[in-house]
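What follows is a set of notes on a single structure, which appears directly below.
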Amino acid sequence: MITHTAQTAFSLAPTLTTARLTLRMPRMDDFGHRAAFYASDRAVHEGGPFSREAAWRIFASEVGQWPLFGYGPFSVDDRETGDYLGEVGIYQPEGYPEPELGWFVTEATEGRGIAAEAARAVMHWARQSFGWDHIDNYIGPANTRSIALALRLGGRRVDAPGVDPDDVVIRHDLRGLE
């Protein structure tokens with residue numbers, strides 16, 4: 001079980017870089033991308049579609065995890081162009097059994113390996129920053145693309161609680177990621 005410490009590790013997200021990506025603290029101008037996602041049919045696996053107001057509450061609470069927990073979502077930008085590509089990070093709203101590795105990419109970004117590249121960077125960062133042995137994904141069984149990505153990232157299905165009783169829980173062993 002992963003527990004929180006009394007002090008946070010970071011008040012804001014660090015900046016991580018990969019070969020193609022910059023992962024950074026979310027900004028207000030990122031919200032339009034999230035609102036568009038949550039208004040679309042693509043949000044069905046997140047319980048949506050949602051109104052812009054509901055999307056704001058989700059976005060704000062996720063970003064608010066940074067000063068509270070020392071982790072949260074990273075906005076993902078293309079290193080070459082600076083274009084916003086999505087969001088990948090660690091989420092733990094009320095009711096989550098443990099911190100979750102999650103992702104969202106813009107529709108135009110899908111299929112380019114962006115979520116996988118960013119997720120690997122976040123897993124390395126989580127291991128180095130918190131010393132966690134594992135991190136889980138909680139994925140609805142109909143979200144086959146996210147399940148496939150989690151498995152490609154090296155995760156294994158485990159019998160553990162998710163957010164919903166039917167969630168597929170995929171665990172990533174972080175111990176070899178130094």
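Judged purely by atom type and a 3.5 angstrom limit, Asn137 uses its side chain to pair as donor or acceptor with the backbone of Leu101. Of the possible polar contacts, one joining the Ser61 side chain to the Ile58 backbone as a donor-acceptor pair under 3.5 Å is found. The backbone N or O of Glu98 sits less than 3.5 Å from a side-chain atom of Tyr138, completing a donor-acceptor pair. Between the side chain of Glu46 and the backbone N or O of Tyr38, no donor-acceptor pair lies under 3.5 Å.
Partners of Asp83 under the side chain to side chain donor-acceptor pair (under 3.5 Å) rule, at least two apart in sequence or in another chain, are Thr81. Residues passing the side chain to side chain contact (heavy atoms under 4.5 Å, CB included) test with Ala116 are Arg120, Leu149, Leu153, sequence neighbours excluded. For the side chain to side chain donor-acceptor pair (under 3.5 Å) test, no residue two or more places apart in sequence or in another chain qualifies with Asp159.
Of all non-hydrogen atoms in Val88 and Ala118, the two that sit nearest each other are CG2-CB, 3.6 Å. Across every non-hydrogen atom of Ala39 and Pro49, the tightest pair is O-CB, 3.6 Å. Nearest heavy atoms, Thr18 versus Ala121: CG2-CB, 3.7 Å. Shortest non-hydrogen contact noted between Thr109 and Ile114 is CG2-CG1, 3.4 Å. Considering every non-hydrogen atom in both Ala150 and Ile139, the closest pair reads CB-CD1, 4.0 Å. The minimum heavy-atom distance linking Ser75 with Pro26 is given by the pair OG-CA, 3.3 Å.
Asp173 is not listed as a side-chain neighbour of His134, based on a closest heavy-atom distance of 4.5 Å or more. Looking only at side-chain heavy atoms (C-beta outward), Val63 and Glu87 stay at 4.5 Å or farther from each other. Side-chain contact check for Ile90 versus Gln65: every heavy-atom pair is 4.5 Å or farther apart. Asp78 is listed as a side-chain neighbour of Arg112, based on a closest heavy-atom distance under 4.5 Å. The closest side-chain heavy-atom distance from Leu12 to Trp66 is not below 4.5 Å. Annotation: side chain of Asp133 is in contact with side chain of Arg127 (closest heavy-atom distance under 4.5 Å).
Rounded to the nearest 0.5 Å, atoms CG (Leu151) and CD1 (Ile170) are 4.0 Å apart. Separation of atoms CZ (Phe37) and CZ (Arg42) is listed at 5.5 Å; rounding is to 0.5 Å. The CG atom of Leu85 sits 9.0 Å away from atom NE2 of His33, with the distance rounded to the nearest 0.5 Å. Atoms OG1 and NE2, from Thr144 and His45 in turn, are 6.5 Å apart once rounded to the nearest 0.5 Å. Going from atom CZ of Arg157 over to atom CZ of Arg171 covers 14.5 Å, rounded to the nearest 0.5 Å.
When hydrophobic clusters are built by joining Ile, Leu, Val, Met, Phe, Trp and Tyr residues whose side-chain heavy atoms come closer than 4.5 Å, directly or via intermediates, Val44 is not grouped with Val105. In the hydrophobic clustering of ILVMFWY residues, with side-chain heavy atoms under 4.5 Å counting as a link, Leu16 and Ile135 come out together. One hydrophobic cluster, built from ILVMFWY side chains closer than 4.5 Å, holds both Leu23 and Leu177. Hydrophobic clustering (ILVMFWY, side-chain heavy atoms < 4.5 Å, transitive): Leu21 and Val122 are in one cluster. Under the 4.5 Å side-chain heavy-atom criterion for grouping Ile, Leu, Val, Met, Phe, Trp and Tyr, Trp125 is connected to Trp103 within one hydrophobic cluster.
Taking the six-membered ring where tryptophan is involved, the planes of Phe104 and Tyr84 are tilted, since the angle between them lies from 30° to 60°. Between Phe59 and Phe31, the ring planes are tilted. Angles from 30° to 60° get that label. Between Phe130 and Trp132, the ring planes lie parallel to each other; the angle is under 30°, not in the 30° to 60° tilted range.
For residues 141-161, there are no ring-ring contact (aromatic ring centres under 6.0 Å, His included) pairs, not counting sequence neighbours. Within the structure, salt bridge (Lys or Arg N to Asp or Glu O under 4.0 Å) contacts touching residues 49-72 (residues at least two apart or in different chains) are Arg34-Glu62. Among residue pairs with one or both ends in residues 160-169, none qualify as side-chain hydrogen bond (donor to acceptor under 3.5 Å, both in side chains); sequence neighbours excluded.
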Q | Trace of the side-chain contact (heavy atoms from CB on, under 4.5 Å) decision for Val163 with Tyr96 | A | CA-CA 6 Å; Val163 178; Tyr96 276 43; 3.4 Å; yes

Q) Given Leu68 and Gln92, is the side-chain contact (heavy atoms from CB on, under 4.5 Å) satisfied, shown in steps? A) CA-CA 11 Å; Leu68 297 173; Gln92 193 174 17; over 6 Å; no

Q: Test side-chain contact (heavy atoms from CB on, under 4.5 Å) on Thr22 and Arg79 and set out the steps.
A: CA-CA 6 Å; Thr22 299; Arg79 277 184 71 180; 3.2 Å; yes

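Annotation: Glu107, atom CD; neighbour count of heavy atoms from other residues, nucleotides and ligands within 6.0 Å does not exceed 12.
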